[in-house]
Amino acid sequence: MAIMSEELSDRYSPQEVEQKIYQNWESKGYFKAEDQSTKPPFCVILPPPNVTGFLHMGHALDHTIQDVLVRWRRMSGFNTLWLPGTDHAGIATQAVVEKDLRKNGADRLEMGREAFIEKVWEWKHQYGDRIYKQMRRLGDSVDWDRACFTLDDGVSKAVRKVFVHLYKKGWIYQGEKLVNWSPPLHSAISDLEVVHKETKGHLYHIVYTVDGSGEKLVIATTRPETYLGDTAVCVHPEDERYKNLVGKTITLPIINRKIKIIADEYVDREFGTGALKVTPAHDFNDYELGKKHNLEFINILNVDGTLNDKAGPFAGLKAQEARKQVVAQFEELGILEKVEPHTHAVGYCDRTGAVVEPFLSKQWFVHTKDLATPARHVVSNETSKFVPESWTKTYIHWMNIIEDWCISRQLWWGHRIPAWYCEDCKHVTVSEADPSQCEKCKSKNIKQDEDVLDTWFSSALWPFSTLGWPEETEALKTFYPTSVLVTGHDIIFFWVARMFMMGLEMMGDVPFRTVYIHGLVRDSQGRKMSKSLGNSVDPVELIENHGADALRFTLMAQMATGKDLKFSMQRLEGYRNFMNKLWNATRFSLQNMEGFRAPADGVNAVVESHRLSTADKWLIYKLSEVETQVNEYLEDMRFSDAANALYSFTWHEFCDWYLEFSKPVLYGENAEQKQVTQLVLAQTLNRIVRMLHPFVPFITEEIYSKLPIRGEACIIDQYPKPAKDRSWLSLGSQEAAFEMDLVKQVIAAIRNIRGENSIKPNQKIKAWVTPKDDHSQKILGNNKSEIIRLSSLESCELQARDDLKKCAVVPIRMGDSEIDVVVPLEGLVDIEKEVQRLSKAIEKHEKDIQILSKKLSNEKFVANAPADVVEADKQLLSEIESKVAQMRTSLNRLS
RNA sequence: AGGGCCUUAGCUCAGUUGGUAGAGCGCCACCCUUACAAGGUGGAUGUCAUCGGUUCGACCCCGGUAGGCCCUACCA
């Protein structure tokens with residue numbers, strides 16, 4: 001194999017390579033999964049972003065986690081499928097398009113359904129792949145050929161099949177119920193789409209007069225305008241104040257309607273006046289009261305939230321305006337007793353921000369109790385697991401209190417409900433295929449339901465509809481249940497829970513084995529990133545400035561299980577620097593590959609142990625530790641641990657020490673030695689790059705393509721694993737690791753003396769490194785030149801110095817090895833500094849001695865603690881004591 | 001109101017079976033040493049929120065308190 005002599009720039013420029021690399025991966029088909037394979041399957045379904053959306057930091061995190069898992073599994077020999085898709089996002093998309101139309105003076109209602117939907121499709125074709133382009137910038141290794149859209153034919157088929165199935169089972173039904181109504185949308189929304197916010201309002205006290213007797217009854221309300229729909233006043237049956245009024249009537253002011261006074265234990269005597277006005281058609285609690293007491297339900301609202309003709313003189317007004325006018329008139333009538341400020345939770349539509357009005361209407365519902373039971377069960381019995389586990393409780397709790405799901409939306413953009421009403425016999429035909437006649441009376445006079453399904457209905461089928469269901473495809477057999485779902489906790493109920501319900505019902509198995517729930521990406525101050533705060537960070541911009549890899553690594557290094565993460569620019573720059581470090585380590589390696597010929601078995605080539613240097617063996621030993629760790633961490637989805645292990649090995653072991661140790665060899669004349677070092681260097685670099693690849697795919701692919709030992713492409717090479725690497729990793733040795741640690745300590749000791757005594761780096765000094773035993777003697781002998789080089793010494797004697805006057809001394813005690821590092825300071829520095837250094841060191845160690853000896857003199861500790869713990873402490877104590885003794889002696893000699 | 005989470009170095013955070021506290025960034029000092037100044041070397045910094053309990057031993061386990069966050073539900 002030819003040697004790369006290409007000069008690399010001293011800075012890594014992601015801008016120059018990232019897009020080119022991605023195109024190459026894609027065109028080579030590396031992301032493609034096989035429908036059938038002898039390899040074990042690994043499948044991740046991408047949570048589909050809104051088709052009109054753009055990539056934000058939440059996606060960046062979510063996608064990076066998935067890409068790391070997918071790339072790791074792909075490299076580990078799995079038949080890996082990461083399936084992308086987009087969501088039609090009914091409300092969101094319709095709102096965006098409507099807004100656009102209004103800008104041009106158009107209106108959806110004027111256009112009509114057909115024309116409007118056509119417009120939305122146009123919009124989809126224009127902007128629908130924006131997010132896909134951005135995903136490519138991030139490096140998402142998704143199987144593009146399988147990309148799905150929630151309104152695709154296949155998915156639509158699935159939607160209808162499920163709808164019909166559940167309808168026939170009686171689990172989808174139509175009902176006249178009180179639902180959350182969003183006036184701007186003219187549509188029902190589900191409970192989950194309502195956000196409750198503490199809102200300052202008023203508590204209005206209104207005086208009613210009891211018919212006949214003329215007694216006064218004061219009720220308190222926050223929404224006085226709803227009195228127009230009141231059909232009762234309710235008091236507590238035991239309330240002495242009102243007991244005698246129960247059964248009597250009052251006449252509502254202005255509209256002069258008679259309503260009953262009823263009693264129910266639901267009423268809280270302590271709150272307000274203890275008398276509650278009951279509006280069954282516009283309040284959830286009153287709705288229940290209304291049903292219980294057989295009250296009349298009076299709907300006072302139009303679909304746009306204005307009052308209807310039931311509101312008499314107030315008809316046509318919006319709720320807020322009606323409130324003002326009602327209150328004003330009450331005041332005129334002298335029946336407004338008082339108005340108190342009152343803070344209470346008000347429901348808002350999470351899409352439009354408008355106040356949600358409870359509204360009585362005919363809607364479609366999914367009966368959830370029976371779907372929820374198995375969905376709860378598979379999580380409590382760990383057929384599927386949440387990571388972190390803490391979400392299990394939340395999920396199960398929610399599944400216990402789940403209410404029926406309102407799935408109809410009065411929108412146009414979405415899956416139209418497959419129900420047809422017969423104009424003649426009123427029968428409802430629910431069918432997968434569009435029927436041409438009523439299934440009961442055969443009348444052709446049928447009309448399809450105008451409404452569409454909640455977007456989450458189709459999302460709930462995503463794990464199997466994207467794999468081809470209801471067709472029995474090979475992909476479905478291979479990849480269902482999917483392996484991992486990665487998502488944020490904000491949609492556990494919207495989405496995850498519903499996928500469990502639908503997956504179990506339709507497929508008879510869980511949709512995924514593991515649900516990984518990550519936190520939110522917040523700004524540096526911990527606030528949610530939002531448009532209104534203007535604190536959003538655009539990941540695409542970050543990619544353009546710092547590279548996708550730096551962004552990905554930043555996210556992963558901070559991705560501790562289940563926690564939110566605060567995004568900081570400084571952190572990003574730090575990891576950008578890491579990319580540069582890796583780049584330069586490669587540059588160094590390639591510059592020193594002259595004359596190197598890669599052996600036939602390349603990365604697995606094993607040389608005789610005796611030809612390897614201590615540093616080689618130490619490096620290989622450390623590498624085996626990292627390989628083990630990283631695979632374990634990834635297995636447990638501990639991303640920050642995996643990223644940090646790789647970071648610190650690459651920078652602080654490989655670059656800081658190994659490359660420095662390799663320099664004398666690479667710069668030297670010993671061709672034999674050089675060849676071995678070059679080999680180890682090439683083998684290790686290759687492994688580091690492969691290990692890092694899932695996290696930072698672009699730079700690793702770029703570097704990989706320049707390595708003297710390499711395969712076709714990094715992305716499809718093997719992920720380093722101790723089991724597969726066994727024979728090569730066995731070249732490493734623990735003895736070498738010990739030896740290196742000792743040598744590193746010696747070097748650190750000399751550097752410390754230098755630093756603390758302000759001896760300039762270019763000032764050559766002499767050192768006497770004194771081994772006190774044969775083993776240490778041998779180790780030092782093996783590494784003398786490295787010690788000289790890395791602590792820039794003029795000379796280094798491996799023996800005791802006779803005259804220890806005015807010498808800096810650092811004792812090293814490690815295991816059985818004892819070494820004293822001695823640097824004469826005569827003429828170099830003010831001795832006072834060394835006195836300070838030593839005193840400081842002694843002081844520090846003495847604290848340790850105190851703690852340790854106290855512990856060891858505690859009989860209970862010695863008796864109860866495990867023997868090895870006691871032994872370790874004893875060993876430590878004696879090492880420290882020996883050090884301190886040596887330091888004291890040295891201190892005395894200084895003066 | 002109920003449930004959950006958090007409080008560790010100046011900042012952001014790790015710390016999984018309880019055994020003398022770690023990283024990144026920032027800070028201080030010295031260095032353009034032929035891979036890298038997006039770098040190197042050395043250094044400083046913590047009653048691990050607080051109180052109590054369990055234990056030979058607690059950042060870690062249990063309970064109380066204070067402060068911060070999230071979720072669910074809701075009193076008109």
Side-chain angles (χ1 to χ4, degrees), chain A residues 8 10-12 191 196 203-204 219-223 226 234 266-268 270-279 283-286 342 344-345 347 390-391 393-394 397-398 401 489-490 492-493 520 524 526 546 550 554 557-558 560-592 636 638 640-641 644 647-648 655-656 659-660 663 667 748 751-762 789-792 840 847-848 850-852 855 858-866 868-870 872-873 876:
Chain A
L8 269 54
D10 66 353
R11 286 211 182 170
Y12 170 59
D191 294 348
H196 294 272
L203 196 56
Y204 301 88
I219 55 100
T221 178
T222 53
R223 296 192 298 160
T226 61
C234 188
Y266 162 75
V267 174
D268 177 359
E270 305 302 317
F271 189 87
T273 62
L276 165 72
K277 64 188 269 307
V278 184
T279 325
D283 182 280
F284 288 96
N285 294 304
D286 294 5
H342 181 68
H344 61 134
S390 54
W391 288 107
K393 259 193 220 166
T394 315
H397 173 71
W398 192 73
I401 59 160
H489 54 69
D490 49 337
I492 292 182
F493 306 138
L520 254 48
S524 58
H546 294 82
T554 305
Q558 288 183 92
T561 311
K563 291 196 175 167
D564 287 352
L565 66 87
K566 289 181 196 162
F567 179 79
S568 111
M569 215 50 203
Q570 287 178 332
R571 197 100 186 211
L572 179 70
E573 280 164 15
Y575 291 116
R576 186 268 321 263
N577 295 353
F578 176 52
M579 295 302 101
N580 201 230
K581 189 75 179 174
L582 179 65
W583 181 256
N584 275 294
T586 308
R587 194 162 82 107
F588 167 82
S589 307
L590 297 182
Q591 280 167 356
N592 290 287
D636 295 342
R638 301 180 60 88
S640 61
D641 285 332
N644 290 323
Y647 177 97
S648 102
C655 292
D656 287 354
L659 293 187
E660 292 307 324
K663 281 176 183 172
Y667 295 161
R751 285 172 174 175
N752 176 263
I753 292 170
R754 263 187 187 286
E756 293 285 281
N757 286 292
S758 304
I759 300 169
K760 304 236 175 200
N762 55 3
R789 208 188 105 76
L790 294 181
S791 35
S792 47
K840 200 168 67 180
K847 272 186 199 154
D848 294 342
Q850 238 180 358
I851 293 168
L852 279 170
K855 204 165 153 188
N858 180 347
E859 282 169 33
K860 287 181 177 171
F861 170 69
V862 181
N864 291 316
D868 56 324
V869 172
V870 177
D873 278 350
L876 193 60

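In what follows, every heavy atom counts, from backbone to side chain, and hydrogens, waters and symmetry copies are set aside. Numbered from 1 within each chain, the chains take letters A, B, ... in sequence-line order. Just so we're clear, the structure is a prediction, and the values are computed from it rather than from any experiment.
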Legend entry - Residue met sooner reading RNA chain B from 5', once Asn762(A) and Ala557(A) are mapped to nucleotides: Ala557(A)
Inset, instruction - Hey, which sits more toward the 5' end of RNA chain B by its nearest nucleotide, Gln558(A) or Gly755(A)? - result: Gln558(A)
Considering every strand and a 4.0 Å limit on heavy-atom distances, what is the contact class for [X]: base, sugar-phosphate, or nothing?
{"X": "Arg754(A)", "result": "nothing"}
{"X": "Arg576(A)", "result": "base"}
{"X": "Phe578(A)", "result": "nothing"}
{"X": "Ile219(A)", "result": "nothing"}
{"X": "Thr222(A)", "result": "sugar-phosphate"}
{"X": "Asp848(A)", "result": "base"}
{"X": "Asp641(A)", "result": "base"}
{"X": "Cys655(A)", "result": "base"}
{"X": "Ala345(A)", "result": "base"}
{"X": "Gln850(A)", "result": "nothing"}

Could you state the [atom1]-[atom2] distance from [X] to [N], rounded to the nearest angstrom?
{"X": "Asn592(A)", "N": "C36(B)", "atom1": "CG", "atom2": "C1'", "answer": "14 Å"}
{"X": "Lys840(A)", "N": "G42(B)", "atom1": "NZ", "atom2": "P", "answer": "13 Å"}
{"X": "Tyr575(A)", "N": "A23(B)", "atom1": "OH", "atom2": "P", "answer": "12 Å"}
{"X": "Leu876(A)", "N": "A21(B)", "atom1": "CG", "atom2": "P", "answer": "11 Å"}
{"X": "Ile401(A)", "N": "A1(B)", "atom1": "CD1", "atom2": "C1'", "answer": "14 Å"}
{"X": "His196(A)", "N": "C71(B)", "atom1": "NE2", "atom2": "P", "answer": "12 Å"}
{"X": "Glu660(A)", "N": "A35(B)", "atom1": "CD", "atom2": "P", "answer": "8 Å"}
{"X": "Phe567(A)", "N": "U12(B)", "atom1": "CZ", "atom2": "P", "answer": "15 Å"}

Quick check for you: among [options], whose closest atom lies nearest to any side-chain atom of [X]?
{"X": "Val869(A)", "options": "G19(B), A44(B), A76(B)", "value": "G19(B)"}
{"X": "Asn584(A)", "options": "G19(B), C36(B), A76(B)", "value": "C36(B)"}
{"X": "Asn752(A)", "options": "C74(B), U72(B), G42(B)", "value": "G42(B)"}
{"X": "Asn285(A)", "options": "C36(B), C75(B), U41(B)", "value": "C75(B)"}
{"X": "Asp268(A)", "options": "C56(B), A76(B), G26(B)", "value": "A76(B)"}
{"X": "Lys277(A)", "options": "G19(B), A35(B), A76(B)", "value": "A76(B)"}
{"X": "Pro866(A)", "options": "C25(B), G19(B), A73(B)", "value": "G19(B)"}
{"X": "Glu756(A)", "options": "A76(B), A38(B), G42(B)", "value": "G42(B)"}

If the [atom1] atom of [N] is compared with that of [M], how far apart are they to the nearest Å?
{"N": "G52(B)", "M": "A44(B)", "atom1": "C1'", "answer": "35 Å"}
{"N": "C59(B)", "M": "G42(B)", "atom1": "P", "answer": "30 Å"}
{"N": "G57(B)", "M": "U72(B)", "atom1": "C1'", "answer": "41 Å"}
{"N": "G10(B)", "M": "U50(B)", "atom1": "P", "answer": "14 Å"}
{"N": "A9(B)", "M": "C27(B)", "atom1": "C1'", "answer": "11 Å"}
{"N": "C75(B)", "M": "G64(B)", "atom1": "C1'", "answer": "31 Å"}
{"N": "A1(B)", "M": "G15(B)", "atom1": "P", "answer": "32 Å"}
{"N": "A14(B)", "M": "C6(B)", "atom1": "C1'", "answer": "15 Å"}

Taking only the side-chain nitrogens and oxygens of [X], find out if one of them lies under 4.0 Å from OP1 or OP2 of [N].
{"X": "Lys760(A)", "N": "C31(B)", "result": "yes"}
{"X": "Lys581(A)", "N": "G40(B)", "result": "yes"}
{"X": "Asn577(A)", "N": "C36(B)", "result": "no"}
{"X": "Tyr647(A)", "N": "A14(B)", "result": "no"}
{"X": "Arg587(A)", "N": "C36(B)", "result": "yes"}

G-U wobble or Watson-Crick pairing nucleotide for [N] (cut-off 3.5 Å, both distances):
{"N": "G18(B)", "result": "none"}
{"N": "A73(B)", "result": "none"}
{"N": "C5(B)", "result": "G68(B)"}

Inset, instruction - Describe, in one word, how the ring planes of Phe588(A) and Tyr667(A) are oriented to each other, choosing from parallel (under 30°), tilted (30 to 60°) and perpendicular (over 60°). - result: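 Taking Tyr667(A) first and then Phe588(A), their aromatic rings stand perpendicular (interplane angle over 60°).
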Inset, instruction - Classify the angle between the aromatic ring planes of His489(A) and Trp391(A) as parallel (below 30°), tilted (30 to 60°) or perpendicular (above 60°). - result: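 Taking Trp391(A) first and then His489(A), their aromatic rings lie parallel (interplane angle under 30°).
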Legend entry - Minimum side-chain heavy-atom gap Leu876(A)-Leu852(A) below 4.5 Å: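 Leu876(A) reaches Leu852(A) side chain to side chain.
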Legend entry - Tyr266(A) vs Leu276(A) side-chain heavy atoms within contact, under 4.5 Å: yes
Check: [X] side chain, [Y] main-chain N or O, donor-acceptor pair, under 3.5 Å:
{"X": "Asn584(A)", "Y": "Asn580(A)", "value": "yes"}
{"X": "Arg571(A)", "Y": "Gln558(A)", "value": "no"}
{"X": "Arg751(A)", "Y": "Leu790(A)", "value": "yes"}

Legend entry - U41(B) base / Arg751(A) side chain donor-acceptor hit below 3.5 Å: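 No such pair is found, so the answer is no.
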Inset, instruction - May I ask you to say whether Arg576(A) pairs ionically with Glu573(A), meaning some side-chain N is under 4.0 Å from a carboxylate O? - result: no
